[in-house]
Protein chains: 4
Amino acid sequence: MRRTVRETMRETVRVAILDAAEELIAKHGLHAAALVQIAKRAGVAVGTLYNYFTDRDALIRGLFESRRTTLRPKLLAAIHAGADLPFEPRLRLFMHELLAAFESHRGFLKIAIENEHLVPPGSTTAQDLLAGVTALITAGVREGVIAADKAELLPLVVTGAIKAIIVQRLQDGGELTGDADAIVAILLDGIRSAAP
Amino acid sequence: MRRTVRETMRETVRVAILDAAEELIAKHGLHAAALVQIAKRAGVAVGTLYNYFTDRDALIRGLFESRRTTLRPKLLAAIHAGADLPFEPRLRLFMHELLAAFESHRGFLKIAIENEHLVPPGSTTAQDLLAGVTALITAGVREGVIAADKAELLPLVVTGAIKAIIVQRLQDGGELTGDADAIVAILLDGIRSAAP
Amino acid sequence: MRRTVRETMRETVRVAILDAAEELIAKHGLHAAALVQIAKRAGVAVGTLYNYFTDRDALIRGLFESRRTTLRPKLLAAIHAGADLPFEPRLRLFMHELLAAFESHRGFLKIAIENEHLVPPGSTTAQDLLAGVTALITAGVREGVIAADKAELLPLVVTGAIKAIIVQRLQDGGELTGDADAIVAILLDGIRSAAP
Amino acid sequence: MRRTVRETMRETVRVAILDAAEELIAKHGLHAAALVQIAKRAGVAVGTLYNYFTDRDALIRGLFESRRTTLRPKLLAAIHAGADLPFEPRLRLFMHELLAAFESHRGFLKIAIENEHLVPPGSTTAQDLLAGVTALITAGVREGVIAADKAELLPLVVTGAIKAIIVQRLQDGGELTGDADAIVAILLDGIRSAAP
DNA sequence: TATGAATGAGCATTCATTCAT
DNA sequence: GATGAATGAATGCTCATTCAT
């Protein structure tokens, strides 16, 4: 029991550190966030950081992993949400749930997108997103809604579009969820108004 | 004449410096490229850098401006390329010329995309691209090919998609131009294969 | 108590840094004393200097303030020393105490005099001295010993004379106090021997 | 003849360089005056400076020597001015002529006083002044007007007083000559009003 | 001789990391 | 474990000096 209490406190401090890092990095950039400042904002001493992370890099990685751990289940849930629905409503549902999940991680999204090129690929939220979209599209292909020859680039296009809109809304302060339907409409039918 | 020779040499050195900066930043990141290294790779001394740029920031800005100066005319040409063509072939032409122009600026594209969030907006290649795409889409709306209500997000979606694919090809080494038709197909008709 | 120990050490290091700075500046000049050398002589690393002073300028200011803090009380004491004595013996007393106080600050005096023109006026030892002498002379005027019309330039003359002699003794290594009576004699009666 | 023309031009450039140096050093300080700026103000290129002076130090020395060459004769003239007059009027005359001579060298005086400690002793204007005053006082001693035992410190006191007042007038912009009589009065009779 | 671009040693400053308390 | 002062390598920048033209 005593052990559990101690572990709880450890976890509390860890969370405080990561939150502080997230805030500062989101505000000033990855490089401009000095460890002393992160420590100060977390309410601990610099040395303490090294009791939780082996070095600066590990702390950053810890931040990415931590957020990914929170986001991944929601992302998976969004993907499997309408597994029994046909492609179109399923995509719509996915987009809504996805953006809703992202809404509460604006700070981290900023960081993740700005520093995508720095984190080694293989286990990032960006890759989770790409994987999810790919899965969705594969389902669409299986369903016959999507032409197989489009399947290679489509995931890139979809995630690219999503990111672009996220960046825009992060900047202008607009809500992410508001764009869900519009994005889906564009993605489904393309540029052409198609209309009747 | 003497004057011209000297100016030619000045320009040569300037180019060497910017090329060195581009290479190093593309390889190691904007922050990791130290001036000593840039100088060494350019074959000059540190102090020389300061004969061409007032400080590090000005050098970086110089790099962006230099590349933009090369790219912008090509980008504008791509946009006005098929001004008399109907929307669809015009978009196709644009995408081909755009990616062809980008092909020779791979290093800079990497830098520009990775550091988009750092450069003050208003005069970047990214903005040039966005402006071009927006112009194209406006034309499409006027032509009745594009539904007006899509016009707000469409430019973001299109540029986002283009960037995503560029990033991918930059990583896997693939040619940019190879994807032009596929991108256009996706953008035009959307995800749905729409069958024949 | 623990707190006190740490603070004592901090103070020790601070003193070591200022002493090192004083020595080096006195020997090589204000500008020639590099921070690395100051740090080395103080027995600390360069970075440590920045734990005590925000930058080089602050360190120099710290040195001036530190010495002024030591000297000012002595200077004030010298001025008020014979407040109830008539002007002449009071001046004599002042000069003796002043030079005695200065004797233990030879290094700093050199620095202060050599760089008088660099430090912003308002809170320097030089100004303290001038103020003190002015006060003394004002008293003399009130006492009727000094003609009011001399009161404007007299402080400048007196402090100028004192400085000149200090500089001389700093150079030839002579004791400052040895000149007290001679200075007073000259100041009181002027150049003219005044005969018997 | 050709040779003479060339030498005249050389001299012109030399003067321009020294004037530029004087101006910049007086305004910004000895250290802050960079050679590039001196060259620019003199209307020549940096490299040209090295055709006239072996290095920065030599240029500074050149400046001091140049001004000394102009000032020394005036100073000597001031000293010998009233060689046949009794001490008192002779001192008065000296002070007037001295300050008048200094009036046209305000810029250089600022430099000379601020950097007295940097120039090696033996051939400075300061030393010329000290020598002159010493000579004057020696004459006074011989004349019986000055007590021999005061003769050691008196020159220091007198020059120190003069410097202090010069510094003051350099700062407040006041004319130097205006203080001549007051200084002499103080020096002659000392602090004491001497009353009637 | 005049020019001014090139040079590089030298300096102030930052910050991740260590470690004695 | 927590603390925060100490460390010193690394970086951007300056400027006296050189030298090809």
Taking 4.0 angstrom as the limit, do Glu114(A) and Lys110(A) come out as a salt bridge?
yes

Are Asp19(A) and Arg67(A) within salt-bridge range, i.e. N to O under 4.0 Å?
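Counted as a salt bridge, because a side-chain N and a carboxylate O are separated by less than 4.0 Å.
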
If you check the [X] side chain, which of [options] turns out closest?
{"X": "Tyr52(C)", "options": "dT17(E), dA6(F), dT13(E)", "result": "dA6(F)"}
{"X": "Val46(D)", "options": "dG4(E), dC13(F), dT14(E)", "result": "dG4(E)"}
{"X": "Ala34(B)", "options": "dG4(E), dT11(F), dA6(F)", "result": "dT11(F)"}

Looking at Arg10(C), does any N or O in its side chain come under 4.0 Å of the phosphate oxygens OP1/OP2 on dG4(F)?
no

Give a yes/no on whether any side-chain N or O of Thr48(B) is located under 4.0 angstrom from OP1 or OP2 of dT7(E).
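Result: yes.
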
Looking only at atom types and distance, does a side-chain atom of Thr69(B) sit under 3.5 Å from a main-chain N or O of Glu65(B), one as donor and one as acceptor?
yes

Starting at [atom1] of [X] and ending at [atom2] of [N], how long is that distance when rounded to a whole Å?
{"X": "His31(D)", "N": "dG10(E)", "atom1": "NE2", "atom2": "C1'", "answer": "11 Å"}
{"X": "Ile38(C)", "N": "dG8(F)", "atom1": "CD1", "atom2": "C1'", "answer": "17 Å"}
{"X": "Arg56(A)", "N": "dT14(E)", "atom1": "CZ", "atom2": "C1'", "answer": "12 Å"}
{"X": "Tyr50(B)", "N": "dG8(E)", "atom1": "OH", "atom2": "P", "answer": "16 Å"}
{"X": "Arg41(D)", "N": "dG4(E)", "atom1": "CZ", "atom2": "C1'", "answer": "20 Å"}
{"X": "Leu59(D)", "N": "dA16(F)", "atom1": "CG", "atom2": "P", "answer": "11 Å"}
{"X": "Asp55(A)", "N": "dC19(E)", "atom1": "CG", "atom2": "C1'", "answer": "17 Å"}
{"X": "Lys40(D)", "N": "dC15(F)", "atom1": "NZ", "atom2": "C1'", "answer": "14 Å"}

Here the gap from Thr124(B) atom OG1 to Leu118(B) atom CG, rounded to the nearest 0.5 Å, amounts to 12.0 Å

Base, sugar-phosphate alone, or nothing: which one does [X] contact when heavy atoms must sit under 4.0 Å apart?
{"X": "Phe53(C)", "answer": "nothing"}
{"X": "Arg14(C)", "answer": "nothing"}
{"X": "Val44(A)", "answer": "sugar-phosphate"}

Decide yes or no for Val13(D) and Asn51(D): does some side-chain heavy atom of the first lie under 4.5 Å from some side-chain heavy atom of the second?
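Not touching, per the 4.5 Å side-chain cut-off.
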
Scanning all shown strands, the Watson-Crick or wobble mate of dA12(E) with both distances under 3.5 Å is dT11(F)

When both hydrogen-bonding distances must be under 3.5 Å and the geometry is Watson-Crick or G-U wobble, what is dT21(F) paired with, if anything?
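Result: dA2(E).
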
By nearest nucleotide on DNA chain F, pick out whichever of Ala45(C) and Leu35(B) is the more 5' one.
Ala45(C)

Nearest-nucleotide comparison on DNA chain F, the residue closer to the 5′ end among Gly43(C) and Gln37(D)
Gly43(C)

By nearest nucleotide on DNA chain E, pick out whichever of Asn51(B) and Leu49(D) is the more 5' one.
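That would be Leu49(D).
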
Smallest separation among heavy atoms of Arg56(D) and Leu30(D), with atom names:
NH2-O, 2.9 Å

